[in-house]
Amino acid sequence: MDNNEVKTVDFIRTQINEDLKNNKNDKRVHTRFPPEPNGFLHIGHAKAICVNHGIAREYEGGKFNLRFDDTNPVKEDTTYVEAIKKDIDWLGAHWDGDIKYASDYYGIFYDAAIKLIKSGKAYVDSLPPEEARELRGSPTKPGINSPYRDRTVEENLELFEQMKDGKFNEGECTLRAKIDMTHVNVHMRDPFLYRIKKVSHHRTGDEWCIYPMYDFAHCLEDAIEGITHSLCSLEFINHRELYDWILDNLDFEYRPRQIEFARLNLSYTVMSKRYLLELVESKTVNGWDDPRLPTISGMRRRGYSPESIRSFCSQIGLSKVNSLVDYAFLEYIVREEFNAKADRIMAVTQPLKVTITNYPEGQVEEFEADNNPNREDAGKRVVPFSRELYIDRTDFIEEPPKKFFRMTKGQEVRLIHAYFVTCNEVIKDENGEVVELLCTYDPASRCAKSPDGRKVKGTIQWVSIPHAIKAEVRLYDKLFTLENMGNMEEGKTYSDYLNPNSLEIFTNAYVEPSVKDRAIGEVVQFMRIGYFCKDLDSTEDSYIFNRTVALKDSWAKIQEKS
RNA sequence: UUGGACGUCGACAAGCGGUAAGUCACAUGGUUUUGAUCCAUGCAUUCGUAGGUUCGAAUCCUACCGUCCAAGCCA
């Protein structure tokens, strides 16, 4: 194609551009994110937030509302409201105006219901739930009218008021739209508008005992707030006809339009609020912010930044195709960010003692090290070196495979920032386990520079034993073993696919002393291992690090093949 | 046997009648004080299938196939 930057735009923005061209909505663009406060937000919600917030910010004068869709007091709670606010704010999706709540509009919903009753478009049904279900039919079988369908307006008005006043029990009656029980779209078969729930609401308390259904409330909320483009996920396509019907039969000033797009699915994890809740309640994971969870709070604790999540959301695109995004894509995005931003330090997760036999006892040298070799402005730090070091146990093999460049008897390797060293002797305990390596160093290779142009192929990190800081390191892996959790076998549940190795803890890790200055949540690169951040469980004298993402490891890949 | 949405590389995803963008993954080389990063190269003669219209089709028409959604007084 041509080299000029061809900016392609997704189908939603294409639609908005068209609406703008046609002067729809007085050229306003107003979106919203409408979470139900019944769980924590996850990366799938982040996509919806980024789409809605992003669109509002891209168009001149665009607005973005945060609205809690709290129409079902049975499931909802203020603790979720608080968690959701925190996550959205952290993501950097700043909402315009005050936070909105569907429960603020209960009075308006009620008046709208009265209006529908008065125009003969709604009626109070006294069918018990089971019978109502029966009469609804199925996608292939038309429904049958309720015997209460033809009550007079006066009767309906009176009964509805009695519903509101608590004269009926739960399930005894409902308010229904009078549309068409034989409609091909099941959602148009006299849908329920209001039901009785004698439950206190987290904001309105016991003021109401009738609560609006989603289909009735949502379009009204959008209209009340002047939302122009009401973006939702694909499964609501069948609801759009009802969304339009309700607004067509009332007279709100604004006329929002629903547009559906595909929600995000990520491989090797689940996005269902129900599963997430079960994982938390069954203590399979350690709370909503467990770093293995795809929740915003879990990802935050793991070290993901708002920028990386936003970048991911914009790069996966927007379409109407149900899709499954490869988790490797997420990992790529987060590595990309931290490769540029994160300072490098040295750490050893499984220590193996090394003694440099020709290095003077008691001597300490301080080497200057680049914080980020790819970025000069990242500055430098000082790393102490001494006669006794730890290297990682995995960097030494007594009988190495071909092309193993790391430490083995007689093979010179580079200790990053320090010296070239060669292992001469392997010390084992009574079980034959390697417990210490005796090495010699080349004083001429100071600062790990080759003194004579000779090459060393292996370069490994280390930590000076007298200076090292002990730490606990937590490695996280995929929570599930099945790539597409939407394809579980019949009769199996998510717990059948839990990855038993999703968390691996090294309690005996050592990190170079400069790590002391790092804040909780700050991401650094443990050279040759991965990106890590200090966990909030850390204290002044106990350090815990979470692995955000591992570095790519082509050596491991070669090993796997052979 | 219903209605709707959708099918472009292993995964995302452009393209909307003028002869298949890009990203991830993967592979192979090069650079390298991280087997990281970086750089280079390769990776759909073909767009679910079959017909048709056209000088020309992923794009238009027809038929078929497949996937997903819908029968909560959940959202």
Side-chain angles (χ1 to χ4, degrees), chain A residues 1-2 6 8-10 34-36 38 69-72 74-76 125 127-129 132-134 136-143 170-176 183-187 189 191-197 211 213-215 217-218 232-241 260 262 267 273 315-333 335-336 339-340 344 346 369-370 372-374 403-406 414-418 420 445 447-450 456-461 483 486 525-530 550-558:
Chain A
M1 299 291 273
D2 60 294
V6 182
T8 62
V9 120
D10 58 77
E36 183 188 16
N38 67 344
D69 207 0
D70 53 352
T71 56
N72 185 358
V74 177
K75 296 181 169 181
E76 298 153 7
D125 196 359
L127 232 36
R133 194 176 312 132
E134 198 127 321
R136 180 173 38 226
S138 75
T140 51
K141 194 178 88 191
E170 285 187 20
E172 237 179 294
C173 50
T174 56
L175 185 73
R176 291 235 244 171
H183 202 113
V184 285
N185 183 345
V186 183
H187 296 283
R189 322 242 260 228
F192 298 98
L193 268 25
Y194 265 101
R195 79 293 214 187
I196 297 167
K197 293 221 182 265
Y211 292 91
M213 298 289 291
Y214 166 85
D215 285 313
H218 207 90
C232 64
S233 48
L234 246 30
E235 69 264 33
F236 286 99
I237 276 196
N238 296 322
H239 295 244
R240 190 168 69 217
E241 200 172 6
E260 310 82 12
S267 59
K273 276 190 187 177
Q315 291 191 51
I316 52 175
L318 196 53
S319 76
K320 298 184 76 159
V321 190
N322 278 308
S323 60
L324 182 69
V325 176
D326 195 341
Y327 80 100
F329 198 79
L330 218 206
E331 293 198 322
Y332 160 77
I333 300 282
R335 281 193 200 107
E336 182 189 43
N339 175 51
R344 270 105 238 237
M346 293 195 285
D370 285 329
N372 186 334
N374 300 339
K403 294 218 170 167
F404 181 81
F405 304 143
R406 279 107 103 147
R414 167 186 283 121
L415 296 180
I416 299 178
H417 305 310
F420 289 4
S445 63
C447 292
K449 289 191 182 90
S450 180
V456 281
K457 282 193 162 173
T459 300
I460 63 176
Q461 82 279 15
E483 181 173 16
Q525 185 194 95
F526 286 179
M527 291 186 89
R528 304 208 309 129
I529 308 178
L551 249 35
K552 273 194 162 184
D553 189 348
S554 60
W555 171 243
K557 212 176 280 177
I558 293 166

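We use all heavy atoms of the structure for the numbers below, so side chains are in, but hydrogens, waters and symmetry mates are not. Throughout, protein chains are lettered first and strands after them, A, B, ... in sequence-line order, and every chain is numbered starting at 1.
- Listed by chain and residue number, A/H239 satisfy the ring pair (Phe, Tyr, Trp, His ring centres under 6.0 Å) test with A/H187 (two or more places apart in sequence, or in another chain).
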What N/O pairs connect the protein and nucleotides 65-68 of chain B at under 3.5 Å? Give each pair on its own line.
residue	atom	partner	partner atom	Å
B/C68	O2'	A/N322	ND2	3.1

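- Residue A/E172 qualifies as enclosed at atom CD: its count of foreign heavy atoms under 6.0 Å is above 12.
- A search for salt bridge (Lys or Arg N to Asp or Glu O under 4.0 Å) contacts involving A/E235 returns A/R263, not counting sequence neighbours.
- The A/K552 side chain lies nearest to B/C26 when the options are B/C26, B/A5, B/C74.
- Among the heavy atoms of the strands lying under 4.0 Å from A/P128 is at least one base atom, whether or not backbone atoms are also near.
- Heavy atoms of A/E260 sit nowhere under 4.0 angstrom from any nucleic acid atom.
- In this structure, A/F236 reaches the bases: a heavy-atom distance under 4.0 Å links it to at least one base atom across the strands shown.
- One finds a salt bridge joining A/R240 and A/E260 here, because a Lys/Arg side-chain nitrogen approaches an Asp/Glu carboxylate oxygen to under 4.0 Å.
- In RNA chain B, stems built from 3 or more consecutive Watson-Crick or G-U wobble pairs, each with both distances under 3.5 Å, span B:2-7 with B:65-70, B:10-12 with B:22-24, B:26-30 with B:38-42, B:48-52 with B:60-64.
- For the salt bridge (Lys or Arg N to Asp or Glu O under 4.0 Å) test, no residue two or more places apart in sequence or in another chain qualifies with A/E241.
- Here A/Y214 lies in heavy-atom contact (under 4.0 Å) with a base.
- Applying the salt bridge (Lys or Arg N to Asp or Glu O under 4.0 Å) test to A/R189 and every residue at least two apart in sequence or in another chain returns nothing.
- Distances from the side chain of A/T459 to the nucleotides B/U34, B/A75, B/A70 place B/U34 closest.
- Closest approach to the A/K557 side chain among B/C73, B/A27, B/C69 is made by B/A27 (side chain taken as heavy atoms from C-beta onward).
- Remark: A/F405 pairs with no residue by the ring pair (Phe, Tyr, Trp, His ring centres under 6.0 Å) rule, at least two apart or across chains.
- Applying the 90° criterion around 0 to the glycosidic angle, B/G30 comes out anti.
- Proximity note for A/T8 (side chain, C-beta onward) versus B/G15, B/A36, B/A75: the nearest is B/G15.
- Residues that satisfy the salt bridge (Lys or Arg N to Asp or Glu O under 4.0 Å) test with A/D553, not counting sequence neighbours, are absent from this structure.
- Nearest nucleotide to the side chain of A/N238, out of B/G3, B/A75, B/A36: B/G3.
- Under the rule for a side chain to side chain contact (heavy atoms under 4.5 Å, CB included), the partners of A/A132 that lie at least two apart in sequence or sit in another chain are A/L127, A/R176, A/F192.
- Residues meeting the side chain to side chain contact (heavy atoms under 4.5 Å, CB included) test with A/R414, sequence neighbours left out: A/F420, A/A448, A/V456, A/T459.
- Residues passing the side chain to side chain donor-acceptor pair (under 3.5 Å) test with A/Y214, sequence neighbours excluded: none.
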Atom pairs, protein N/O to nucleotides 9-11 of chain B N/O, distance under 3.5 Å:
residue	atom	partner	partner atom	Å
B/A11	O3'	A/L324	O	3.0
B/A11	O2'	A/L324	O	2.8
B/A11	O2'	A/D326	N	3.3

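- Among the protein residues, A/N72 comes within range of the sugar-phosphate backbone only, with heavy atoms under 4.0 Å from sugar or phosphate atoms but none that close to a base.
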